[in-house]
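Since the structure comes first, as structure tokens, the remarks are kept for the end.
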Amino acid sequence: MTAKYNLRVTPWKIRESDFSSMTSFEEKVKFLLKYAVLAPSSHNTQLWKFAIKDERIKVSADLTCALKVADPDERELFISVGCALTNLTIAAKRFGYVPMITYFPEGLDEDLVALIEFSKSEAERNELFESITRRRTNRSLYEDKPISREVLKKLQDCVEAGIRLNFISDTETRVMVAELVAKGDIIQYNNPAYRKELGYWVGQGVFGHKGIAAKIGKFFISHLNAGKSLGQKEKKLIQSAPVFAVLSSAKNDREIWVKIGEVYEKVALTATSLNIQQHPMNQGLTQVPEHREKLREILGIEEIPKLTFRLGYAKPTKHQVRGQLEEVLVPW
Ligand SMILES: Cc1cc2nc3c(=O)[nH]c(=O)nc-3n(C[C@H](O)[C@H](O)[C@H](O)COP(=O)(O)O)c2cc1C
């Protein structure tokens, strides 16, 4: 695992009008990629890579950033790349391109997720595009305010074939899930390798800690077992949220993980456009194999949960840092 970013919050500020001054395809695509890198990723590892040639882009997973302990199957890694693909697609359409995506083309690099060719079309402006620079993971307590059925229906409409989205809004089930997360946090924090890995990323500043604060954060996470207190905190977070959501699938391979990422980002952007906050919460739950199974039983479904998140109303929190675009551009 390596981190390599020059982390800043500035990537969130994009001037749309700059696009019109771009002349070459490469410049234009680089501009679109500024939106792709604002996608969420597990531990904010930003594990995507992009190569540009002629009218094409290769979108790859940066396997050197894989979370070997928290995400040994690389499920979250590919979900995160899927989130970036959704942002890229929406931004491309906004600036007058139709992206033709071939997923996992055979015979090319092992870490290649998608080969995208662009053709020109009418620019298509929509509220999801506006949400790309507004979306953020919100880890605060949410207000005691339900989410209406109409809104949940709009979120449900983001789902694609082969993927299931369950909403848990009754108190009893949310309490069961909260208990599971609290137990899961203890299980994960009892593993020193898990704490070391998380501490490493905190030390790299991916959660916004700088300088000495990042070093202290790394030390505490790596050396102190805070699983129990974190579990109690996360229990309260889940109980404060009117809806806990679960994305599941029967399939369990790279392709479906990317699709789940694409769907999650559509849900998150739609929620953002409706002023609903989101918080992915895989820690303690889908990151613990036996808890994936327990959650499946609680929901009474056949599919295996892959990504879980809270939804609700709250004041938006600050944006999280990102590396600079040049740091994720690689040669073809
Ligand atoms: C697959 C995936 C899993 C995640 N799991 C968690 C989690 O368990 N707990 C958490 O607090 N955030 C989780 N996140 C949120 C990331 O930490 C967050 O996206 C990242 O820090 C960047 O911040 P942003 O979403 O505000 O841009 C997850 C995100 C993704 C894409």
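Note that ligands are numbered from 1 as they come in the structure, with each ligand's atoms numbered from 1 the same way.
For ligand 1 and S80, the ligand atoms under 4.0 Å from any heavy atom of the residue are 31 (C). Close approach to R135 involves these atoms of ligand 1, each under 4.0 Å from a residue heavy atom: 24 (P), 25 (O), 27 (O).
Of the protein's non-hydrogen atoms, the one nearest atom 23 (O) of ligand 1 is Q320 CB, 3.4 Å. Closest to atom 30 (C) of ligand 1, if we only count protein heavy atoms, is S42 N, 3.6 Å. Annotation: atom 21 (O) of ligand 1 to nearest protein heavy atom, N44 CB, 3.4 Å. Protein heavy atom closest to atom 19 (O) of ligand 1, with residue, atom name and distance, is P40 CB, 3.1 Å. Scanning the protein for heavy atoms near atom 3 (C) of ligand 1, the closest one is E76 OE1, 3.6 Å.
Under 4.0 angstrom from ligand 1, the non-hydrogen atoms of R322 all belong to its side chain. Heavy atoms of S41 found under 4.0 angstrom from ligand 1 belong exclusively to the backbone.
Ion pairing of K235 with E179 is present here, as a side-chain N (NZ or NE/NH1/NH2) and a carboxylate O approach within less than 4.0 Å. Between E265 and R135 a salt bridge is recorded (basic side-chain N to carboxylate O distance below 4.0 Å). With respect to the salt-bridge test (charged N to carboxylate O, under 4.0 angstrom), the residues E293 and R296 qualify. A salt bridge is absent between K259 and E255; no separation between the charged side-chain nitrogens and carboxylate oxygens falls under 4.0 Å. Look at K315 and E143 and you find no salt bridge, because none of the NZ, NE, NH1 or NH2 atoms lies under 4.0 Å from a carboxylate O.
Ligand 1 is never approached by H319 to a heavy-atom distance shorter than 4.0 Å. Residue contacts with ligand 1: W12 is included, with a non-hydrogen atom under 4.0 Å away.
Among R139, Q283, M281, the residue whose heavy atom lies closest to atom 12 (N) of ligand 1 is R139. Closest to atom 14 (N) of ligand 1 by heavy atom, among G284, P280, A70, G261, is P280.
Considering backbone and side-chain atoms together, N282 places an N or O closer than 3.5 Å to an N or O of ligand 1. An N or O contact shorter than 3.5 Å links T137 to ligand 1 by distance. Between H279 and ligand 1, an N or O atom pair is found at a separation short of 3.5 Å. Every N/O-N/O distance between R136 and ligand 1 stays at or above 3.5 Å.
The distance from atom CG of N87 to atom OG1 of T89, rounded to the nearest 0.5 Å, is 8.5 Å.
T272 pairs with exactly one of Q277, R134, Q278, E130 by the side chain to side chain donor-acceptor pair (under 3.5 Å) rule, that one being Q278.
Few gaps surround CD on E297; more than 12 heavy atoms of other groups in view lie less than 6.0 Å from it. A 6.0 Å sphere centred on CZ of R149 holds no more than 12 heavy atoms belonging to other residues, nucleotides or ligands.
Note: F19 and F95 meet the aromatic proximity criterion, with ring centroids under 6.0 Å apart.
A cation-pi arrangement, defined by a distance under 6.0 Å to the six-membered ring centre and an angle within 45 degrees of its axis, is absent between R56 and F118.
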